[in-house]
Amino acid sequence: MRRKITIAMAMLSLAVATQAQDRMKVATGRVLTKAEIGVDSPRKEIDSKLGIELRRLLATDRTQVVDKKDGKNSVKEQPTVNVMVMLAPSAGVTAEMLESAGCKVHWSMKSQAFVSAPVDRLDEISNINGVLSINLPEKYQLQNNIAREATNVSLVADPLSAEREGLPQAYDGSGVIVGVLDTGIDFAHPAFRNADGTTRIKRAFTYRRTDEIQDDESESDWKNTYTDPEEILNVPSVTGTTHGSHTMGIAAGSNTGNNLQGMAPGADLVPADLIEIYDNYLVSGLKSICDYAQEVGKPVVTNYSLGAPGYFRDGCHPVSQAITELTEDGTKP
């Protein structure tokens, strides 16, 4: 049984309520079955934020002066609200049906629509057969700072709180290498620089396309290695995309004053910018990062943010075997 959530506007209390209905009908009056409505339809409680917003809108003085034959009169405007209308995909609710209930439809799909609607028409909209809920759009924000708090990273990174917690020192990644294998890394990004503008990237790698590799070429022919700090700042991304910058910023982005630094802003960075993600590139990148860590005698944490459902997780995959070998079965730092 599906619940159809409606907005009931009481004249005095202006309360927002839900109304359960056992059956939903299309315009022809035919009863929609549970299968027709779709098991993937949203089942959400009433949006309490919408109720708060409605009260705010209705409490605002929205009067305008209009000219009438008998003189000027003050008329109270009916406020409008921008809302997401969630729909049963099989119900066939159209933009025209929503507009007939007083909406301005900005866009619509089978499962939802974004509309502007007068507050006093919300109940009429909710009574359309196939409307499941009416919600305010969610606003999303950058939350690296919240992630750092939630995982206690901020706690262990601050010297005073670290001492208070009995830690031998504060930890911000200093003395550790963070290696990242990804596509689309901006080597000159402010998140990968020190406060004086110099790069935190100690070594960088980029790769050519796998199908361009010739039989007689060595790894150094299709893998570029950069060691000079000024050269690293001028290395172009091999794809022009940004996913690698995103993941490396989360892992170890610098504190640029916006409180959105990564988990280890003091770490040395060793990225491998992959034009395409293949096993041979991942293993080569992992090996190159670990070789550098071995060379400078520092522990390394390596990340590659990808997932694939098509292989076994029993350790027999080439990348898994490479990790086992490079870490000496997890015994190396």
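For clarity, every value in this text was computed on a predicted model and none was experimentally measured. One is the number of the first residue; the rest follow in order along the sequence.
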Qualifying residues under side-chain contact (heavy atoms from CB on, under 4.5 Å), relative to Pro168, sequence neighbours excluded
Tyr171
Looking at residues at least two apart in the chain, or sitting in another chain, which of them share a side-chain hydrogen bond (donor to acceptor under 3.5 Å, both in side chains) with Asp158?
Ser161
Give me each pair satisfying side chain to side chain donor-acceptor pair (under 3.5 Å) with a member in residues 241-254, each pair once, sequence neighbours excluded.
Asp182-His243, Asp182-Thr247, Arg200-Ser254, Thr239-Thr241
Over all atoms of both residues, closest heavy-atom pair of Val178 and Ala251:
CG1-CB, 4.2 Å
Under the salt bridge (Lys or Arg N to Asp or Glu O under 4.0 Å) definition, can you give me all pairs with a residue in residues 82-108, not counting sequence neighbours?
none
Set of side-chain hydrogen bond (donor to acceptor under 3.5 Å, both in side chains) partners for Asp196, sequence neighbours left out
Thr198
Sequence neighbours excluded, which residues qualify as side-chain hydrogen bond (donor to acceptor under 3.5 Å, both in side chains) partners of Arg193?
none
All pairs passing salt bridge (Lys or Arg N to Asp or Glu O under 4.0 Å) where residues 223-245 contributes a residue, at least two apart
Glu219-Lys223
List the atom pairs, with distances to 0.1 Å, where a side-chain N or O of residues 264-271 and a protein N or O form a donor-acceptor pair under 3.5 Å, not counting sequence neighbours.
| residue | atom | partner | partner atom | Å |
| --- | --- | --- | --- | --- |
| Asp268 | OD2 | Lys298 | NZ | 2.6 |

Which residues pass the side-chain contact (heavy atoms from CB on, under 4.5 Å) test with Ser108, not counting sequence neighbours?
Ala95, Val105, Ala113
Can you list the residues that meet the ring-ring contact (aromatic ring centres under 6.0 Å, His included) rule with Phe192, with sequence neighbours excluded?
His189
So which pairs with a foot in residues 322-333 pass side chain to side chain donor-acceptor pair (under 3.5 Å), sequence neighbours left out?
Gln294-Lys332
Could I get the full list of side-chain hydrogen bond (donor to acceptor under 3.5 Å, both in side chains) partners for Asp291, not counting sequence neighbours?
Lys287
